[in-house]
Amino acid sequence: MRRKLIENQKPNRKNIEAFQRSLLQWYQKNKRTMPWRDIENPYYTWVSEIMLQQTRVDTVIPYFLRFIEKYPTVKDLAKGEDEDLLKLWEGLGYYSRVKNMKIAAREVVEKYDGVFPKERKALESLKGIGEYTAGAIASIAYEQKEPAVDGNVLRVMTRITGNHGDIKLGKTKKEITHGVRKLLPEENLGDFNQGLIELGAVLCTTAKAPDCEICPVSEFCLAFEKNLQGALPVKGKAMKKRLEKKTVLIFTYKEQLFLRKREERGLLAGLWEFPNIKGHIKEEALKEILEKEQHLAEENLTVENITRLEDSKAVFSHIQWNLMAYQVNLKSSEGPPEGLRIKEDKNYLELPVEEVMDNGRWIPREEVRKDYSIASAFKAYRKEVL
DNA sequence: AACACGGGGGC
DNA sequence: GCCCCAGTGTT
């Protein structure tokens, strides 16, 4: 018979204490090794928690190590360069995270003298720290009695309690958070919250059937008792992606590539990309445009050849880009090359389609590799020319 | 409450 | 091809 944590609307203290012991014991024995784990450094906790938002542990580890090497303390980070931070984040996704981190770092330095606050409310007021992350930092770094409910905990707890609410809804999350709060022990708050999370990550999984046979808390689990593991958690349908066609233009001139910087807001904010335009255009049309292009002529640049590259796809959470691409190799039409004749104040090329070359510049391949974050959406082409 | 916001890995 | 991931900010 299942041991109930709540009976007749009331917490069953004895069972709750047994649950806490089982979970803690399991966690302390089985927890995975992570570079930020079991180090008392709220800055590390914060960096890791931000990186772990919607991102797997294995992906995060190398990013985390590079990050703390370059920015060992929150004070170092507060002085960080945007372009450098973006480079450190390249490929991790959700780039507003790192932008918000710098804002938060400055606030921690100015308002809290470089020490992260320990109160949930104070943590939540920092940019990029929401309900989950505040609870995680408060409990892991400071042993505060606060819940930390992420996707793992939602899965574990809907199963344990048999909650059939849609976990995408705020209502369900609120119920679960409330439930977790009542389960919190008086000590080992960080381990308890991480135990719940770890359980969801390694045993109480969705993609694969959960490994209930070795679960430390299966005796408290309603889904286990009634064999509802496959039915829980309930999650609403994912949003449909909208499709966008794009033509990518990869201009090369000797050792240089033409890149442009994306807007500071919106998708892939501030990252670099190859110029691209809406829709798919044919090679003949492209040739015609390029031959008439005034600025190319002014720079004594002519098209040496055009190669159609392989189509590729970039999938985001809400959009899909269907990409076609041309590599356009340019040459100097005049005399022995003196390098590209582009002056400091005039390093823009303009095609009739204005957006194509906006915010762009020529950059030597070597610099691109070292210093520029190009959106992974273009990785097939980056590989082709870098 | 709904949507914007990435990229990789598992099945 | 679909789903998921140690979520948050904006509208």
Side-chain angles (χ1 to χ4, degrees), chain A residues 27 31-32 34 36-37 44-64 86 89-101 103-104 123-141 147-156 166-174 177 180 190 192-202 204-209 233 235-242 262-271 273 312-321 373-380 382:
Chain A
Y27 173 71
K31 63 186 169 188
R32 294 168 290 175
M34 299 176 195
W36 51 84
R37 195 163 256 181
Y44 285 6
T45 307
W46 172 62
V47 173
S48 66
E49 289 299 342
I50 300 293
M51 287 186 169
L52 286 163
Q53 290 169 2
Q54 298 293 287
T55 312
R56 285 168 207 285
V57 170
D58 290 342
T59 305
V60 165
I61 289 175
Y63 283 90
F64 174 83
L86 216 44
W89 212 265
E90 181 181 14
L92 203 51
Y94 289 138
Y95 298 91
S96 65
R97 288 185 288 178
V98 71
K99 192 174 299 181
N100 290 339
M101 279 175 89
I103 296 171
L123 287 164
E124 274 183 19
S125 77
L126 295 169
K127 205 81 167 164
I129 298 184
E131 196 178 352
Y132 162 74
T133 306
I137 298 173
S139 62
I140 297 170
V149 178
D150 71 337
N152 290 303
V153 177
L154 284 172
R155 183 171 54 258
V156 170
D166 181 348
I167 57 170
K168 290 173 99 172
L169 298 180
K171 177 171 177 284
T172 309
K173 192 172 170 197
K174 207 174 269 184
T177 303
V180 171
F192 181 84
N193 280 336
Q194 290 181 90
L196 233 33
I197 293 167
E198 191 87 351
L199 195 61
V202 307
C204 195
T205 46
T206 314
K208 286 179 301 190
K235 191 169 183 183
K237 273 277 162 206
M239 250 200 359
K240 256 187 72 175
K241 298 181 199 318
R242 76 171 174 274
R262 291 180 62 85
E263 297 289 326
E264 291 300 337
R265 301 177 56 102
L267 187 63
L268 304 171
L271 294 190
E273 67 179 356
S312 72
K313 219 180 271 185
V315 182
F316 304 92
S317 38
H318 53 307
I319 306 174
Q320 176 172 316
W321 286 351
S373 326
I374 300 180
S376 290
F378 301 96
K379 78 176 163 194
R382 177 174 55 190

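A quick note: this is a predicted structure, and the numbers were derived from the prediction, not measured. Quick note on labels: first sequence line is chain A, next is B, and so on, each numbered from 1.
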How is [X] classified with respect to the nucleic acid when contacts are heavy atoms under 4.0 Å: base, sugar-phosphate, or nothing?
X        : result
A/Lys168 : nothing
A/Met34  : base
A/Met239 : sugar-phosphate
A/Leu267 : sugar-phosphate
A/Gly266 : sugar-phosphate
A/Ser48  : nothing
A/Ser376 : sugar-phosphate
A/Leu92  : base
A/Thr55  : base
A/Lys240 : nothing

Using atom names, set out every protein N or O paired with an N or O of nucleotides 9-11 of chain C below 3.5 Å, distance rounded to 0.1 Å.
from, atom 1, to, atom 2, distance (Å)
C/dG9, OP1, A/Gly128, N, 2.4
C/dT10, OP1, A/Lys127, NZ, 3.4

inquiry  = Main chain of A/Ile319, side chain of A/Arg242: is a donor-acceptor contact present, judged purely on distance under 3.5 Å?
reply    = no
inquiry  = Ignoring hydrogens, what is the shortest heavy-atom contact between A/Asn100 and A/Lys127? Give both atom names and the distance.
reply    = OD1-CG, 3.3 Å
Among [options], find the nucleotide with the atom closest to the side chain of [X].
X        : options              : answer
A/Ile197 : C/dA6, B/dC11, B/dG7 : C/dA6
A/His318 : C/dT8, B/dG6, B/dA4  : B/dA4
A/Ala238 : C/dC3, C/dC5, C/dA6  : C/dC3
A/Lys379 : C/dT8, B/dG8, C/dA6  : B/dG8
A/Tyr94  : C/dG7, B/dG9, B/dA4  : C/dG7
A/Phe316 : B/dC3, C/dC5, B/dG6  : B/dG6
A/Leu268 : B/dC5, C/dG7, B/dG7  : B/dG7
A/Lys208 : B/dG6, B/dC11, C/dA6 : B/dC11

Give a yes/no on whether any side-chain N or O of [X] is located under 4.0 angstrom from OP1 or OP2 of [N].
X        : N     : answer
A/Gln54  : C/dC5 : no
A/Ser96  : C/dT8 : no
A/Lys241 : C/dC2 : no

Any side-chain heavy-atom pair of A/Glu131 and A/Val149 under 4.5 Å =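 No; the side chains remain at least 4.5 Å from each other.
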Heavy-atom side-chain contact between A/Trp36 and A/Phe64 under 4.5 Å = yes
ask   = Would you say the side chain of A/Arg97 and the base of B/dC5 hold a donor-acceptor pair, judged only by whether the two atoms sit under 3.5 Å apart?
value = no
query = Rounded to the nearest 0.5 Å, how far apart are CZ of A/Arg262 and CG of A/Leu271?
reply =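 One gets 7.5 Å once the value is rounded to the nearest 0.5 Å.
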Decide whether [X] and [Y] meet the rule of one side-chain donor and one side-chain acceptor closer than 3.5 Å.
X        : Y        : result
A/Arg97  : A/Thr55  : yes
A/Gln53  : A/Tyr132 : no
A/Asn193 : A/Ser139 : yes

request  = List in numerical order all residues of residues 148-156 of chain A for which some heavy atom is under 4.0 Å away from an atom belonging to DNA chain B.
outcome  =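 When residues 148-156 of chain A is checked for heavy atoms under 4.0 Å from DNA chain B, there are no hits whatsoever.
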request  = Would you kindly give the CD1-to-P distance between A/Ile167 and C/dC3, to the nearest whole Å?
outcome  = 13 Å
message = One pair to check against side chain to side chain contact (heavy atoms under 4.5 Å, CB included): A/Asn152 and A/Leu199. What are the steps and the verdict?
response = CA-CA 8 Å; A/Asn152 290 303; A/Leu199 195 61; over 6 Å; no
message = Work out how far the P atom of C/dA6 is from that of B/dC3, and round it to whole angstrom.
response = 24 Å
query = If the P atom of C/dT10 is compared with that of B/dG6, how far apart are they to the nearest Å?
reply =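 Approximately 14 Å lies between the P atom of C/dT10 and that of B/dG6.
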ask   = Between A/Lys379 and A/Glu273, is there a side-chain N and carboxylate O pair less than 4.0 Å apart?
value =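 A salt bridge is absent here (no side-chain N lies under 4.0 Å from a carboxylate O).
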task = Take A/Arg37 and A/Glu198 through the salt bridge (Lys or Arg N to Asp or Glu O under 4.0 Å) test and state the conclusion after the steps.
result = CA-CA 12 Å; A/Arg37 195 163 256 181; A/Glu198 191 87 351; 3.2 Å; yes
note = For C/dT11, the nucleotide meeting Watson-Crick or G-U wobble distances (both under 3.5 Å) is B/dA1
